[in-house]
Protein chains: 2
Amino acid sequence: MPTINDVAKAAGVSPSTVSYVLSGRRPISAETRARVQAAIAELGFHPHAGARALASSKTNVIALVAPLRVDVNVPVIMQFATAVVTAARSYNHDVLLLTKDEGTAGLERVAHSTMVDALILMDLERDDLRIPALRKLKQPSVLIGLPADHTGIACVDLDFGAAARLALEHLAGHGHRRIGLVGPSPAVYKRQTTYADRFLTGFLESSVELGLRTVTHPCEPGAAGVRSALADLDAELDGITALVVHNEEALRPLLDLLRATGRRVPEDISIVTVCPRDVAMSLPVNLTSIDIPAHDVGTLAVETAMRLLDGRSIEFTRLLAPSLVERDSCREISSSHR
Amino acid sequence: MPTINDVAKAAGVSPSTVSYVLSGRRPISAETRARVQAAIAELGFHPHAGARALASSKTNVIALVAPLRVDVNVPVIMQFATAVVTAARSYNHDVLLLTKDEGTAGLERVAHSTMVDALILMDLERDDLRIPALRKLKQPSVLIGLPADHTGIACVDLDFGAAARLALEHLAGHGHRRIGLVGPSPAVYKRQTTYADRFLTGFLESSVELGLRTVTHPCEPGAAGVRSALADLDAELDGITALVVHNEEALRPLLDLLRATGRRVPEDISIVTVCPRDVAMSLPVNLTSIDIPAHDVGTLAVETAMRLLDGRSIEFTRLLAPSLVERDSCREISSSHR
DNA sequence: AGCCATCGTCGAAGCGCTTCGACGACTGAT
DNA sequence: ATCAGTCGTCGAAGCGCTTCGACGATGGCT
């Protein structure tokens with residue numbers, strides 16, 4: 001491996017000049033720069049990352065803390081990760097992958113040992129224990145999610161509250177007045193994963209404001225979970241004409257169940273769901289859905305981290321506006337039926 | 001951030017002594033060690049990763065190159081990643097996540113700039129362009145997959161050839177003589193992803209050896225793909241009593257289609273599939289399956305990398321024996337029907 | 001008693017880079 | 001003609017750690 005000294009000798013300049021060519025932090029004459037670049041190319045020189053980090057106290061690496069248990073939204077997690085890695089590379093950064101289960105210790109380890117310049121975390125809980133730990137780090141962090149006390153920490157996410165409202169507005173606009181929410185599994189609520197709460201709150205508030213009759217229920221995974229959730233919804237409010245589904249897993253068994261019980265979508269019951277676009281479109285009925293823009297959120301998280309790193313101003317809370325795409329699962333209720 | 005010098009002063013020893021306490025490379029008296037450790041704990045000292053890498057030429061980081069396109073086997077990819085990260089941490093290493101689409105350049109970048117000690121790649125193709133590049137790196141690499149020319153590079157994977165054989169043996173043992181293979185999508189074959197080839201080859205060889213009548217067909221994603229694949233199989237060989245499915249995506253639509261066309265599983269047609277355990281068990285019929293042991297493979301890949309790093313001997317090719325779990329999708333054909 | 005090994009510790013060099021201050025050579029304004 | 005300022009480059013210091021050689025102190029041998 002050639003070093004910066006080798007390059008300097010080959011180009012007939014001092015090492016510092018090579019460094020300045022690389023960083024552009026001082027003016028270098030065009031000819032010198034050309035000679036240096038030629039030498040770099042010829043020798044195949046790549047600066048030693050450790051030496052660089054040591055001298056400059058920047059690693060050009062960001063940490064991504066992902067919930068790697070084989071869990072619910074695997075595809076969504078994956079989309080976040082993809083977006084983060086891709087975006088990071090576009091800023092000439094790499095990504096160190098940590099698992100959520102290392103908890104606070106993992107964050108401190110990589111931060112204190114100066115392995116990363118910034119951290120991006122996903123799957124935050126309402127009162128996430130990691131938040132106080134993050135505040136003590138010298139590296140900035142960006143959260144994908146919106147925990148309770150996030151003052152001073154950058155947060156990025158879909159606006160799940162607005163998403164719930166949007167779903168209800170859409171249904172209300174189509175004449176629906178009695179609507180059920182099929183929520184995430186109780187485990188998700190129990191963890192107080194932030195998006196679940198925000199969606200539920202938005203749902204309840206909006207249904208009051210829009211004057212709707214609504215009921216909500218979490219939904220255990222599997223066909224049995226769906227069956228019991230739906231039974232409960234029906235029991236608590238009869239004449240339900242539409243469902244909002246905030247539970248990817250439940251979609252398939254729910255559609256199966258509705259078909260099996262002779263309730264046609266959308267003729268007998270309408271559905272609006274919140275999930276990644278591709279999921280909504282890979283089911284027997286093309287579902288009207290609000291997209292989870294994992295790619296945008298991941299990219300935005302990285303951008304925010306980069307702004308933080310070079311001291312530019314940021315908005316600490318960025319909630320992306322939801323957008324609803326109409327497909328085939330939602331029908332207009334004629335006024336005679338209202 | 002305290003440095004090793006601060007610790008040395010606090011403990012009343014020289015910096016090198018602290019280093020030896022940390023590394024254990026030289027004997028240190030119990031009392032000195034205790035004092036040093038106390039100082040470390042009190043100051044909250046964490047060695048600077050870059051400085052360490054510079055001085056020792058070890059980073060304690062391994063690269064994981066994953067196909068991050070939102071692609072077919074997302075859950076499997078995720079399981080590999082989880083296993084690799086977890087295993088790496090157990091060896092006190094971290095994981096730098098690269099995307100496959102950076103290609104050769106990405107590998108060279110992280111290797112030449114000494115960001116990682118070793119590389120683990122997944123989703124290898126038959127004549128993967130990255131292999132020659134890997135050979136030139138000073139860091140060792142471990143492949144999850146088995147490309148054509150892998151001499152001198154460690155490879156780890158499920159033995160897909162044996163898996164195909166196992167599936168056929170199981171079906172043959174239950175009296176099936178006419179069997180169709182629902183393969184991966186044509187795109188996977190076209191990429192020459194190594195597991196697809198190996199499974200197909202094993203399938204063809206074993207069906208000859210076992211004296212079976214078999215037909216094989218790739219299967220495009222989606223319900224339409226499944227319909228046409230099944231139609232083709234039926235057209236090419238009538239009286240098919242069993243299917244081997246090497247295509248996770250196809251399982252659900254396949255089961256739907258069979259049900260819709262009145263072919264009961266397993267009464268009318270038996271199925272053996274190759275996929276992660278949880279997929280096989282989350283469908284309307286609990287499928288007899290050969291597990292893709294992503295966790296084991298990932299862990300083994302890391303172990304192999306570690307052995308490589310500290311110069312221990314390894315087996316360059318490790319193909320894990322498949323194991324079949326009987327569930328409810330495979331029935332005995334009575335001899336009268338044979 | 002004398003010698004060699006081993007133990008436990010220290011000091012210094014060096015890993016490869018960045019960055020600061022310095023300095024000569026120009027340039028343009030006065 | 002002179003001075004300030006900028007340009008382009010160099011040298012040296014230093015980032016925080018590991019590691020090698022050295023060295024006194026012990027302890028077990030003969």
Side-chain angles (χ1 to χ4, degrees), chain A residues 1-37 39-40 43-61 92 109-117 138 310, chain B residues 1-37 39-40 43-61 92 109-117 138 310:
Chain A
M1 293 284 95
T3 73
I4 201 173
N5 278 293
D6 301 328
V7 174
K9 274 172 203 151
V13 299
S14 79
S16 54
T17 299
V18 177
S19 178
Y20 288 123
V21 167
L22 251 24
S23 69
R25 292 183 172 284
R26 286 204 178 168
I28 298 288
S29 70
E31 2 166 18
T32 305
R33 189 179 323 125
R35 253 184 311 139
V36 168
Q37 274 159 350
I40 289 176
L43 297 178
F45 167 73
H46 290 250
H48 186 292
R52 232 174 180 174
L54 180 55
S56 68
S57 15
K58 297 157 131 283
T59 62
N60 275 35
V61 174
N92 196 30
R109 183 170 54 79
V110 298
H112 289 156
S113 61
T114 325
M115 300 185 76
V116 302
D117 295 335
K138 63 168 193 261
D310 43 47
Chain B
M1 292 286 94
T3 74
I4 201 172
N5 278 293
D6 301 328
V7 174
K9 274 172 203 151
V13 299
S14 78
S16 54
T17 299
V18 176
S19 179
Y20 287 124
V21 167
L22 251 24
S23 70
R25 293 183 170 284
R26 286 205 179 167
I28 298 287
S29 70
E31 3 167 18
T32 304
R33 192 180 321 127
R35 252 185 310 138
V36 169
Q37 274 158 350
I40 289 176
L43 298 178
F45 166 74
H46 289 252
H48 185 292
R52 232 174 181 175
L54 180 56
S56 68
S57 11
K58 296 157 133 284
T59 63
N60 274 37
V61 174
N92 196 30
R109 183 170 55 78
V110 298
H112 288 157
S113 61
T114 323
M115 300 186 76
V116 302
D117 295 336
K138 63 169 193 260
D310 44 47

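We name chains A, B, ... by the order of the sequence lines, and we start the count at 1 in each one.
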K.L.:
Roughly how many Å is it from CZ in A:Arg52 to P in C:dC15, rounded to a whole number?
P.N.:
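Checked: the CZ to P distance equals 19 Å.
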
K.L.:
Using a 4.0 Å heavy-atom cut-off, does B:Val13 contact any base of the nucleic acid, only the sugar-phosphate backbone, or nothing at all?
P.N.:
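Sugar-phosphate, backbone atoms only, no base.
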
K.L.:
Under 4.0 Å from OP1 or OP2 of C:dC10: is there any side-chain N or O of B:Thr17 that close?
P.N.:
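The answer is yes; a side-chain N or O of B:Thr17 sits under 4.0 Å from OP1 or OP2.
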
K.L.:
Nearest nucleotide by nearest heavy atom, which residue falls closer to the 5' end of DNA chain D, B:Ser23 or A:Ala51?
P.N.:
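First, find each residue's nearest nucleotide; the 5'-ward one identifies A:Ala51.
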
K.L.:
B:Ser29 side chain N/O closer than 4.0 Å to the phosphate oxygens (OP1, OP2) of C:dT9?
P.N.:
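Yes, B:Ser29 has a side-chain N/O under 4.0 Å of OP1/OP2 on C:dT9.
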
K.L.:
Check whether the side chain of B:Ser16 and the base of C:dG11 form a donor-acceptor pair under 3.5 Å.
P.N.:
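Checked by distance alone, the answer is yes.
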
K.L.:
Let me know the distance between CD1 of B:Ile40 and C1' of D:dG16, rounded to the nearest Å.
P.N.:
14 Å

K.L.:
Please examine the side chains of A:Ile4 and A:Ser19, heavy atoms only from C-beta on, and report whether any two atoms are closer than 4.5 Å.
P.N.:
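Counting from C-beta outward, A:Ser19 and A:Ile4 do come under 4.5 Å.
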
K.L.:
For residues A:Ile40 and A:Leu22, determine if any side-chain heavy atom of one lies less than 4.5 Å from a side-chain heavy atom of the other.
P.N.:
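Yes. Closest side-chain heavy atoms under 4.5 Å.
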
K.L.:
Side-chain donor or acceptor of B:Tyr20 under 3.5 Å from a matching atom on the base of C:dC7?
P.N.:
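Answer no: no donor N or O sits under 3.5 Å from an acceptor.
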
K.L.:
Expressed in angstrom and rounded to an integer, what is the separation of A:Lys9 atom NZ from D:dC10 atom P?
P.N.:
14 Å

K.L.:
Kindly say if B:Ser56 contacts the phosphate of D:dT18, meaning a side-chain N or O under 4.0 Å from OP1 or OP2.
P.N.:
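So the side-chain polar atoms of B:Ser56 never come under 4.0 Å of the phosphate oxygens OP1 or OP2 of D:dT18.
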
K.L.:
Checking contacts here: which listed nucleotide (C:dT18, D:dC17, C:dC10) is nearest the side-chain heavy atoms of B:Ser14?
P.N.:
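That would be C:dC10.
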
K.L.:
Over how many whole Å does the gap from A:Arg25 atom CZ to D:dC7 atom P extend?
P.N.:
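Answer to the nearest Å: 17 Å.
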
K.L.:
So what does A:Pro47 touch, heavy atoms closer than 4.0 Å: a base, only the sugar-phosphate, or nothing?
P.N.:
sugar-phosphate

K.L.:
To the nearest Å, give me how far apart NE2 (B:His48) and P (C:dC17) are.
P.N.:
15 Å

K.L.:
Could you check how far CZ of B:Arg26 sits from C1' of C:dT9, rounded to whole Å?
P.N.:
9 Å

K.L.:
Rounded to the nearest angstrom, tell me the gap between atom CD in A:Glu31 and atom C1' in D:dG8.
P.N.:
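So the CD-C1' distance, A:Glu31 to D:dG8, works out to 10 Å.
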
K.L.:
Is A:Thr3 touching bases, backbone alone, or none of the nucleic acid, heavy atoms closer than 4.0 Å?
P.N.:
sugar-phosphate

K.L.:
How many Å lie between CG on A:Asn5 and C1' on C:dG14, as a whole number?
P.N.:
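Atom CG in A:Asn5 sits about 12 Å away from atom C1' in C:dG14.
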
